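Shown next, in structure tokens, is the structure this report addresses.
Small disclaimer: the values here were computed from a predicted structure and weren't measured.
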Amino acid sequence: MKLSPLSVPYRVLERGGSLLVAAAFIVFSGGSMLDGLAGPLTLFALLGVGVLLLVGYEVAYYQRYEYELTADTFDIHSGVFARRDREIPLRRIQNVDISRNVVQRVLGLAAVDFETAGGSETEASLRFVSFEEAKRLQREVPRLKRSTAGEEPEEPEPATELFALSDRELALVGLLSFDFRVPGVLALVLSGSVPVVSSVLPSRGALPVAAFVLLLVVGVFLFSWIAGAVAAIVNYYDFHLVRTGDELQYERGLLQRYDGSIPFDKLQTLTVEDTPLKRAFGYATLLIETAGYAPGQSSGGGRGSEAAVPLAERDRVFELANAIDAFGDPELTRPPKRVRRRYVVRYLLVVGALVAVLFGVDAALAGVTGLGPLPFPWYLPLVFVLVIPPAAHLKWTHRGYWLGEHHVVTRNGVLKRQTKVVPYDRIQTVIDTRTVFQRRWNLATVTVDTAGSLSITGGDAAAVDVDDATAADLRAELDERLREALAERRRTRQSRRARVDALGGPAAGATERDSSDGQESDDSSAGFVWGESLDGGSSDSEQGPESGDEGKGEDDAGVTGGDGDDAEPTPGPDTEGPNRDHT
């Protein structure tokens, strides 16, 4: 198969912009080469040669680029000056994402990205094919993967729409969005303009200075709100989420249209996310994280996970989350009540350090000739002491964990609260950490690491500030439930393959391939290796091979079956008892 013939003129126009920029730079720089009649002729000649070389290269690129979708691999043969042959096993492909900008939609073109597990970037890209061909690849890859895995052939299921963003909900997405990156960017830009900013400050009086600072803060807030609203509306315009067979497919975008897939068997974490503003109106967002390089990173999301529901009523979000992967109604166990005192002490130390710094700066400026004291009282941050107790209580209230029959659920955050749902058979590592300050309060944090891309940035599910004894019980319980989940998954696969063999299907008698080049193996073990928790260190509970088909080898030792105890672990020795609430 070849790329679309229209990809040649499109790529020429796309890359030709750099030639126009270079020509414009020469013209406006007023160089000596433009003097006389020979100057413009030379410039046009150089531009002509550049265009001819570019067109020749793109034609050669099109002629020498071929791809083929076989029964078990996706092959690409490319290269103009140096040939490159690539063979990507279908079993490693996690997502097939399609993107189209406005011009591409007019021309009927599409860019196709193939994401694989554990990749830090897109594994392969087709630039560009027809939109019909892109949709065919998106349909065929999952079908061939199922056939390669030895699954029974199934009739294509009609697409079922799970969620569509209405105009009213799209407007709410914009109104409830805030771009937190804008204040940081503005601070960076203005950091080199301190003299300019100081020149417009009122010269006398604390009240005018305070009013100016207040106006500046309000202006930054409004600008960040507008920027976030515009970005959200452009990003989630005409959002649709449908279920087709064993995967989810979404479409979204105004200027850049994205069409992506989220396979159920590669799902790592479901995250229900909200902010104080969303909670006040009863709304939330549902995010889905898949293995390795998540959709959204390549399709413009850049968050490491894809928004399956940008905004909906909170109850509806949990209903949709349960429709994707049923986990029930979590009843969270909060940290011990004494943790609130820890948060109060922490916030008091921060305020005290800030006051001490401002006092030192004020005293230093007062002693310098020509400079007065600070334009505001150095003790002004002490007003935050009034809000510390309720802030500590809110932080404690919004934390908790729950062990369900097949999932572990954690919740953390106030300004951006995240309720994370992780299936037991997707756990890679359980990490037990204790900081210096946690040891003083006999506390620990238990982090559930998965193969998702957010794990790299510390976005894992975590039971934060639980009692020491509870942390040990939680870690052991997660180990046991992971073993049972993987054993059950193996029994299900063996039963399915036995049915295929009995029917004499196309994949009858197929065996698992042991990949020697780092490809994943479908059957994995639970085998945890408990680390010794040293003073001031951390204890990792690591699953040796992959979980969720992400591939680190194959080892069946240590996998146990049987009916596990699904009761929650007994809380640690906290005299105040467990504290529960429904999420």
- Message: side-chain contact (heavy atoms from CB on, under 4.5 Å), that's the test. Do Y379 and F359 meet it? Break it down for me.
- Response: CA-CA 7 Å; Y379 50 83; F359 175 78; over 6 Å; no
- Message: With side-chain contact (heavy atoms from CB on, under 4.5 Å) as the criterion, how do Y401 and V408 come out once you've worked through the C-alpha distance, each side chain's angles and the decisive distance to 0.1 Å?
- Response: CA-CA 7 Å; Y401 72 93; V408 55; 5.6 Å; no
- Message: One pair to check against side-chain contact (heavy atoms from CB on, under 4.5 Å): L320 and F163. What are the steps and the verdict?
- Response: CA-CA 8 Å; L320 287 170; F163 180 81; 3.9 Å; yes
- Task: Quick one: do Y343 and R399 satisfy side-chain hydrogen bond (donor to acceptor under 3.5 Å, both in side chains)? Show the steps, please.
- Result: CA-CA 12 Å; Y343 298 154; R399 276 187 169 165; 2.6 Å; yes
- Task: Given salt bridge (charged side-chain N to carboxylate O under 4.0 Å, His left out), test R316 with E169 step by step and report yes or no.
- Result: CA-CA 13 Å; R316 187 182 178 192; E169 289 170 331; 3.5 Å; yes
- Task: Could you walk me through whether I324 and L286 pass side-chain contact (heavy atoms from CB on, under 4.5 Å), step by step?
- Result: CA-CA 11 Å; I324 294 172; L286 177 62; 4.0 Å; yes
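The side chain to side chain donor-acceptor pair (under 3.5 Å) test applied to N322 returns no partner, not counting sequence neighbours. Remark: Q438 engages T445, D465 in a side chain to side chain donor-acceptor pair (under 3.5 Å) (not counting sequence neighbours).
Atom CG of L170 sits about 10.0 Å away from atom CG of L175, to the nearest 0.5 Å. Between atom CG of residue L270 and atom CZ of residue F327 there is a gap of 6.5 Å, rounded to the nearest 0.5 Å. Rounded to the nearest 0.5 Å, atoms CG (L222) and CG (L215) are 10.5 Å apart. Once rounded to the nearest 0.5 Å, the distance linking CD of Q94 with CD of E123 reads 11.0 Å. The distance from the CD atom of Q418 to the OG1 atom of T285 is 10.5 Å, given to the nearest 0.5 Å. One finds the CD atom of Q138 at 7.5 Å from the CG atom of D97 (value rounded to the nearest 0.5 Å).
Using modelled atom types, one finds no donor on one side chain facing an acceptor on the other under 3.5 Å when comparing Q249 with E251.
Under a cut-off of 6.0 angstrom, the local environment of CH2 in W225 is sparse, with at most 12 non-hydrogen atoms contributed by other residues, nucleotides or ligands. The number of heavy atoms from other shown groups lying within 6.0 Å of OH (Y237) does not exceed 12. More than 12 heavy atoms of other shown residues, nucleotides or ligands fall within 6.0 angstrom of atom CZ in F264. Shown here is R346, whose CZ atom has more than 12 heavy atoms of other residues, nucleotides or ligands within 6.0 Å.
For the pair D238 and R257, the salt-bridge criterion is met [side-chain N within less than 4.0 Å of a carboxylate O]. For the pair E484 and R481, the salt-bridge criterion is not met [side-chain N within less than 4.0 Å of a carboxylate O]. D479 has a carboxylate O that lies under 4.0 Å from a charged side-chain N of R483, or vice versa, which qualifies the two as a salt bridge. Here D432 pairs with R434 in a salt bridge; the nearest charged N to carboxylate O distance falls below 4.0 Å.
Counting heavy atoms from C-beta outward, E289 and T271 have side chains that stay 4.5 Å or more apart. Between R252 and H240, the closest side-chain pair of non-hydrogen atoms is not below 4.5 Å. Contact check for L403 versus L478: side-chain heavy atoms found under the 4.5 Å cut-off.
Here the rule is side chain to side chain contact (heavy atoms under 4.5 Å, CB included) with V339, and of L443, D467, V464 only L443 fits it. Checked options V430, I431, T410; the residue passing with V446 is V430 (criterion: side chain to side chain contact (heavy atoms under 4.5 Å, CB included)). Partner of T269 under the side chain to side chain contact (heavy atoms under 4.5 Å, CB included) criterion, chosen from L287, I288, T450, D325: T450. Each of D274, T275, N412 was scored for a side-chain hydrogen bond (donor to acceptor under 3.5 Å, both in side chains) with R417, with one residue passing: D274.
Between the side chain of S495 and the main chain of R491, no donor-acceptor pair closer than 3.5 Å is present. The main-chain N or O of Y250 is never found under 3.5 Å from a side-chain atom of Y258 such that the two would form a donor-acceptor pair. For the pair T419 (side chain) and R411 (backbone), a donor-acceptor distance under 3.5 Å is absent. A donor-acceptor contact shorter than 3.5 Å is absent between the side chain of T470 and the backbone of V466. Y283 places no side-chain N or O within 3.5 Å of a backbone atom of E313 that could act as its donor or acceptor partner.
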Result block: side-chain N/O donor-acceptor pairs under 3.5 angstrom for residues 380-395, not counting sequence neighbours:
residue : atom : partner : partner atom : Å
H393    : ND1  : R340    : NH1          : 3.2
H393    : NE2  : T397    : OG1          : 3.4

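The side-chain tip of R334 points at the ring of W396 from less than 6.0 angstrom away and within 45° of straight on.
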